[in-house]
Number of protein chains: 2
Amino acid sequence: MTLRHGRDYHRQVVTIADVARAAGVSPSTVSYVLSGKRPISEEVRRRVQRSIQKLGYHPNAGARALASSRSNVLAVVIPLRTDLNVPVVMQFVAAAVTEARKHDHDVLLLTKDEGPEGLRRVAASSIADALIVMDVEANEPRLPVLRALDRPVVLIGVPDETGGLTCVDLDFTAAGSACVTHLAELGHREIALIGPSPAVYKRGTSYAGRFLRGFRQAASKRKIRASSFPCPPSYDELRTRLDEVFTRHPGVTGLVVHNEAILGSLLSELSRRGKQVPQDISVLAVCPEDMAEAHALPLTSIALPTAELGGLAVEMAMRQLNGGAGQSEVRLLSPKLIDRGSTGPVVA
Amino acid sequence: MTLRHGRDYHRQVVTIADVARAAGVSPSTVSYVLSGKRPISEEVRRRVQRSIQKLGYHPNAGARALASSRSNVLAVVIPLRTDLNVPVVMQFVAAAVTEARKHDHDVLLLTKDEGPEGLRRVAASSIADALIVMDVEANEPRLPVLRALDRPVVLIGVPDETGGLTCVDLDFTAAGSACVTHLAELGHREIALIGPSPAVYKRGTSYAGRFLRGFRQAASKRKIRASSFPCPPSYDELRTRLDEVFTRHPGVTGLVVHNEAILGSLLSELSRRGKQVPQDISVLAVCPEDMAEAHALPLTSIALPTAELGGLAVEMAMRQLNGGAGQSEVRLLSPKLIDRGSTGPVVA
DNA sequence: TTGAAAGCGTTACCAG
DNA sequence: CTGGTAACGCTTTCAA
């Protein structure tokens, strides 16, 4: 290959043939040492390993992908908007990357903005072996494309009709219900939900609706007066919502907060208003555990297990990839409530 | 190919040969139509394009990478810690992804946790054509590895010794200085910097030290009394810092805030203390523009141009890739101050 | 337990 | 302006 520019960035360093030569075996043997797909004598294995080390061999990804029809890359599709809670999204991504590496895969980042054509492109060009899709809507428009993709797909979130796709998520319906139950058992009779941004509902984001449904159903079953206040992520908006809550529903003694972005503001605003938590008002959050713990007053919460969900999504994709395909699966993790002291009994 | 499991996830859909046959040309012609690397008659081009459309052809990424030594993938290395401001990191990533797509590249997400070996792996296996590295430290330990990588590398951030690597960043030294200048010209004589978390300084994160240096130098040159208060991202910590500021330095009339995470808390805490902005105290932020605008009181700020920086990083990587290599480059964007009214003259 | 060799789907050179 | 055809580096049969 010729040297084209000041620096040649296109040089293949070491090939499998180099390793084979150095170890005195055939290329196929090196390949099998690497893949473990057939028995190799200890003697040979060691020689090959040593040559690999010594030469600093790394298999060429393109060649491997071409020959094996496996790219060892996982595509993760994320939203790029800011109305979605960015830190939460990143927790999912981080978990996915970590788990993917355990399966010898890398993660390719796709944005929702690329649309269906992006999904098709990545799948059809065999850039990725499988896809993990986040920010799923109840009436998910990408479903037909995803189903036609001919690759494993795992949704983090559950659309109304899964259409045979694999999904994993927190059981938000149960979570909504669990919130009501917890507060009801503490004697609360009137509660309010500070929910995600109206934009999230409007878009039909899957988890928001499911949570609200569980919340409302449980409330009506238990004869609890429950109201819902979607809240954009800003201090001012939050303050307005609180005004609404306390003027329209002066009897509210418990707040359920399903909105990570305004947790901090909520606590400071409550304290500014002279409301003690939990004496004057109980606060129950739905959020990742670290976010529940990161406040002056640690929050009782239903954990959003981002690490577990991200990891599971990858595992499920891998299982499909390795033959466990066929059965579509919808996996809903049961909500776990952790009492950190921000909820308490109603004081008469 | 045999059908192994319930579903066959390993089928090559359409190849360049199929397209060629359908268009009545040779595979190489199709390839050239796609790459534009040699003149094609309008007639043929159209026929080929039509066949591509009709068959839904997408070039196989592995084959393409193998033949061309180009993966059309850009690796972006990000930190996965939470002490770094996650939304800010994501703004960089988002910009990089967007710009990468314009250059027909996808983005592979690497985490800093993978360490030097991860960088070597990705480069040596030709998974990525180039690397963008974020969260750069002043004494960046990955520098030797990166330089030996034999691929274009762009750092977002500037280590003390660039060692021939290409860097792009906001000129944080100038930014620190500009903050002082702005406040000084408004008549402030004693100011305080609420900085990033101590962990960020301890790690030697490049931008933190550079900003502080500019801040201090400008202050001493102008005979302004300036103090610095690193602050972990929590309401409580912030409150403690503010206590320190106002007890130790009661004469402070201006705050420079170089810490996106506590901006909201700062504003509420100031208002809780009955301090009017900017009448009683001026607040000058260093943060992305949307974050400066997202408050009840929009903040005068030095813009952290995340979108521009992320995009530039990709552009610079592409330029290196396409022959503009050779010259290493350190590109520092000049800080721009935008007055949104949160800073004002000192009232005597 | 190992080796030889046929692909995998593109690119890019060599001819025309 | 176009076609034929070696690579590219690896996996995986087929044979031994």
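The structure displayed is predicted, hence computed values, not measured ones.
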Q. Quick one: which of D:dT11, C:dT10, D:dT2 gets closest to the side chain of B:Thr15?
A. C:dT10
Q) With respect to A:Val154, which candidate in A:Glu329, A:Gln320, A:Arg319 satisfies the side chain to side chain contact (heavy atoms under 4.5 Å, CB included) definition? A) A:Gln320
Q.
Check this one for me: any side-chain N or O of B:Lys37 less than 4.0 Å away from OP1 or OP2 of C:dT11?
A. no
Q) Whole-Å distance between D:dG3 C1' and B:Arg38 CZ? A) 8 Å
(Q) Counting only side-chain nitrogens and oxygens, does A:Tyr57 get under 4.0 Å of the OP1 or OP2 atom of D:dC10? (A) yes
Q. Does a side-chain N or O from B:Ser31 land closer than 4.0 Å to OP1 or OP2 of C:dT10, or not?
A. no
Q.
Could you tell me how far apart B:Ile127 (CD1) and D:dG9 (P) are, to the nearest whole angstrom?
A. 16 Å
Q. Roughly how many Å is it from CD1 in B:Ile16 to P in C:dA12, rounded to a whole number?
A. 11 Å
Q) Where is the tightest heavy-atom contact between B:Leu55 and B:Ala22, given as atom of each residue plus distance? A) CD1-CB, 4.1 Å
(Q) Rounded to whole Å, how long is the line connecting atom CG of A:Leu34 with atom P of D:dT11? (A) 7 Å
Q: Considering just the side-chain nitrogens and oxygens of A:Arg64, establish if one lies under 4.0 Å of OP1 or OP2 belonging to D:dT11.
A: yes
Q) Which part of the nucleic acid does A:Ser28 contact within heavy-atom distance under 4.0 Å: base, sugar-phosphate only, or nothing? A) base
Q: Go through the side-chain N and O atoms of A:Ser28 and A:Ser31 and say whether any donor and acceptor fall under 3.5 Å apart.
A: no
Q. Can a side chain N or O of A:Ser26 be found less than 4.0 Å away from OP1 or OP2 on C:dG3?
A. yes
(Q) Between P on D:dT12 and CD1 on A:Ile40, what's the gap in Å once rounded to a whole number? (A) 14 Å
Q) Would one find a side-chain N or O of A:Thr29 under 4.0 angstrom from OP1 or OP2 of C:dT1? A) no
Q. C:dC8 phosphate, OP1 or OP2: any side-chain N/O from A:Ser69 under 4.0 angstrom?
A. no
Q: Tell me which of B:Ala63 and B:Pro39 sits closer to the 5' end of DNA chain D, going by the nucleotide each one is nearest to.
A: B:Pro39
Q) So, B:Ser126 and B:Arg151: side-chain donor and acceptor under 3.5 Å apart, yes or no? A) yes
